[in-house]
Amino acid sequence: MFHVKQLLVLLLFLPAVVFSQHMGSTTLVVKELPSLPAKEGSIDGYIDQFPEAGALNSLQREWFYWTNYSRNNPRKFWDSVVAPLLKTYPNLRNSYSNSLKNDLYETNPLPLLKPNLNLVKVAQNHANDLRDKKALPSHTSPSGVSFQDRMKFIPIKACAGENISFGSGNIPLMLTLLYIDEGVPGLGHRKSLLSSLYVEMGVGVSAYPDGSHMVIQDFACNQK
């Protein structure tokens with residue numbers, strides 16, 4: 001009997017010249033989720049070619065896999081992941097999911113994201129900080145450090161962006177909700193995930209006692 005509700009709060013970091021945040025939220029009753037497509041060895045192989053892959057924990061690795069799966073073949077991601085989830089959660093069928101189908105069907109394969117350990121460390125530290133301080137999801141740390149400050153500290157010199165999600169630990173579901181981007185002006189999460197400019201990523205995941213997860217995705221263009 002599934003009567004527990006899970007709240008996923010999605011936040012968007014806009015480009016550095018715009019200092020604002022937008023929040024969207026989706027409340028879902030927990031249900032048995034559809035089966036996922038079999039893992040594709042070529043995507044795991046891409047990640048494994050980088051020495052940095054050895055520093056990823058299992059949750060970070062899964063976020064890398066499913067994010068790259070969605071970018072490798074956006075149309076297939078819709079057919080094999082998003083569409084089955086919409087059958088399980090028909091309340092997610094709306095103008096946002098309709099536009100997502102159009103975007104994914106019209107998007108060619110995108111560059112796969114390689115792990116950047118500086119981004120991984122910054123993302124994980126931010127996720128831990130928000131959890132440990134019992135803070136709401138935010139691009140600014142409880143101590144007042146902004147996303148821009150974190151990128152400058154690494155340093156990331158070229159373009160960068162950040163997605164934050166909080167809620168159920170099911171990665172394909174959380175990723176799908178970021179793609180749908182319901183209630184977020186400008187569909188910023190979706191644009192980050194489908195940006196051809198981003199080629200590097202760091203992921204931070206912090207677990208809460210109730211099974212929820214704070215997830216930070218930090219993206220960057222080629223820094224060379």
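When a residue number appears, it is its place in the shown sequence, counting from 1.
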### Message
So, taking the atom named OG1 in Thr67 and the one named CD in Gln217, what distance separates them when rounded to the nearest 0.5 Å?
### Response
4.5 Å

### Query
Yes or no on side chain to side chain contact (heavy atoms under 4.5 Å, CB included) for Leu175 and Asn163, after CA distance, side-chain angles and deciding distance?
CA-CA 10 Å; Leu175 181 62; Asn163 285 350; over 6 Å; no

#### Entry: Pair Leu113-Trp63, side chain to side chain contact (heavy atoms under 4.5 Å, CB included): steps then yes or no
CA-CA 11 Å; Leu113 301 167; Trp63 271 95; over 6 Å; no

### Pairs involving residues 191-201, ordered by first then second residue, that meet salt bridge (charged side-chain N to carboxylate O under 4.0 Å, His left out) (sequence neighbours left out)
Lys114-Glu200

#### Entry: ILVMFWY network linking Leu117 to Val199, side-chain heavy atoms under 4.5 angstrom
no

### Task
Report yes if the side chains of Leu100 and Val82 come closer than 4.5 Å at any heavy-atom pair, otherwise no.
yes

### Distance (rounded to the nearest 0.5 Å) between Leu197 CG and Asn222 CG
11.0 Å

### Query
Shared ILVMFWY cluster between Leu130 and Val145, side chains joined below 4.5 angstrom?
no

### Query
Heavy-atom distance under 4.5 Å between the side chains of Val203 and Phe64, does that happen here?
yes

### Task
Test side chain to side chain contact (heavy atoms under 4.5 Å, CB included) on Leu33 and Leu85 and set out the steps.
CA-CA 7 Å; Leu33 298 178; Leu85 285 171; 4.0 Å; yes

### Message
Applying side-chain hydrogen bond (donor to acceptor under 3.5 Å, both in side chains), can you list everything that pairs with Asn68, at least two apart in sequence or on another chain?
### Response
none

### Message
Less than 4.5 Å apart, side chain to side chain, heavy atoms only: is that true for Gln124 and Gln60?
### Response
yes

### Pairs touching residues 139-156 that satisfy salt bridge (charged side-chain N to carboxylate O under 4.0 Å, His left out), sequence neighbours left out
Arg150-Glu162

### Query
Step by step, would you call Met174 with Val215 a side chain to side chain contact (heavy atoms under 4.5 Å, CB included)?
CA-CA 9 Å; Met174 293 183 77; Val215 180; 3.9 Å; yes

### Message
Using the rule side-chain contact (heavy atoms from CB on, under 4.5 Å), only one of Thr107, Leu110, Asn108 pairs with Ser196; which is it?
### Response
Leu110

### Message
Counting neighbours of CZ on Phe153 that are heavy atoms of other residues, nucleotides or ligands and sit closer than 6.0 Å, is the number greater than 12?
### Response
no

### side-chain hydrogen bond (donor to acceptor under 3.5 Å, both in side chains) partners for Gln223, two or more places apart
none

### Query
Going by atom types alone, do Asn116 and Glu52 pair a side-chain donor with an acceptor below 3.5 Å?
no

Return all side-chain donor-acceptor pairs below 3.5 angstrom for residues 41-49, not counting sequence neighbours, or 'none' if the list is empty.
unit_1: Asp44; atom_1: OD1; unit_2: Arg61; atom_2: NH2; d: 3.3
unit_1: Tyr46; atom_1: OH; unit_2: Leu112; atom_2: O; d: 3.2
unit_1: Asp48; atom_1: OD1; unit_2: Arg61; atom_2: NH1; d: 2.9
unit_1: Asp48; atom_1: OD1; unit_2: Arg61; atom_2: NH2; d: 2.9
unit_1: Asp48; atom_1: OD2; unit_2: Arg61; atom_2: NH2; d: 3.3
unit_1: Gln49; atom_1: NE2; unit_2: Tyr46; atom_2: O; d: 3.2

### Message
According to side-chain hydrogen bond (donor to acceptor under 3.5 Å, both in side chains), who are the partners of Lys133, at least two apart in sequence or on a separate chain?
### Response
Asp129

## Note on the structure
Heavy-atom closest pair (Ala127 atom, Met214 atom, distance to 0.1 Å) is CB-O, 4.0 Å

### Residue pairs, two or more places apart or on separate chains, that pass disulfide bond (SG atoms under 2.5 Å apart) and touch residues 127-160
Cys159-Cys221

### Query
When rounded to the nearest 0.5 angstrom, what distance separates CD1 in Ile180 from OG in Ser99?
9.0 Å

### Task
Taking atom NZ of Lys39 as the centre, report whether more than 12 heavy atoms of other residues, nucleotides or ligands fall under 6.0 Å from it.
yes

### Message
Going by salt bridge (charged side-chain N to carboxylate O under 4.0 Å, His left out), name the pairs with one or both residues in residues 98-110, residues two or more places apart or in two chains.
### Response
Asp103-Arg190

### Summary
When every non-hydrogen atom of Asp181 is compared with those of Gly188, the smallest separation belongs to OD2-N, 3.1 Å

### Task
State whether the side chain of Arg71 and the backbone N or O of Leu193 hold a donor-acceptor pair below 3.5 Å, judged by distance alone.
yes

### Task
For residues 86-95, pull every pair meeting salt bridge (charged side-chain N to carboxylate O under 4.0 Å, His left out), keeping only residues two or more places apart or in separate chains.
none

### His213 side chain reached by Ser168 side chain, heavy atoms, under 4.5 Å
no

### Query
If you measure from OG on Ser141 to CG on Asn128, what distance do you get to the nearest 0.5 Å?
12.5 Å

### Query
Do Ser212 and Asp210 meet the criterion of a side-chain donor-acceptor pair at a distance under 3.5 Å?
yes

### Task
Please tell me if the side chains of Glu182 and Leu177 come closer than 4.5 Å, counting only heavy atoms from C-beta onward.
no

### Sequence neighbours excluded - disulfide bond (SG atoms under 2.5 Å apart) pairs with any residue from residues 29-126
none

### Query
Who passes ring-ring contact (aromatic ring centres under 6.0 Å, His included) against Tyr198, sequence neighbours left out?
Phe219

### Query
Any idea which heavy atoms bring Pro142 and Ala135 closest together, and the distance?
CG-CB, 3.9 Å

### Message
Using a 3.5 Å distance criterion without hydrogens, assess whether the side chain of Tyr89 forms a donor-acceptor pair with backbone atoms of Lys31.
### Response
yes

### Message
Could you tell me if the side chain of Ile156 sits less than 4.5 Å from the side chain of Asp218, heavy atoms only?
### Response
no

### Message
Just so I know, are the side chains of Tyr96 and Leu187 near enough to count as touching, which here means a heavy-atom distance under 4.5 Å?
### Response
yes

#### Entry: Non-neighbouring partners of Ser97 that pass side-chain hydrogen bond (donor to acceptor under 3.5 Å, both in side chains), sequence neighbours left out
none

## Note on the structure
Rounded to the nearest 0.5 angstrom, the CD-OG distance for Glu40 and Ser80 is 8.0 Å

### Query
What are the two closest non-hydrogen atoms of Pro115 and Phe50, and how far apart are they?
CD-CD1, 3.8 Å

### Task
Calculate, to the nearest 0.5 Å, the distance between atoms CH2 and CZ belonging to Trp66 and Phe77 respectively.
8.5 Å

### Query
Are Val81 and Leu59 connected in a single hydrophobic cluster, I mean Ile/Leu/Val/Met/Phe/Trp/Tyr linked by side-chain heavy atoms less than 4.5 Å apart?
yes

#### Entry: Tyr69 and Lys76, any side-chain heavy atoms less than 4.5 Å apart
yes

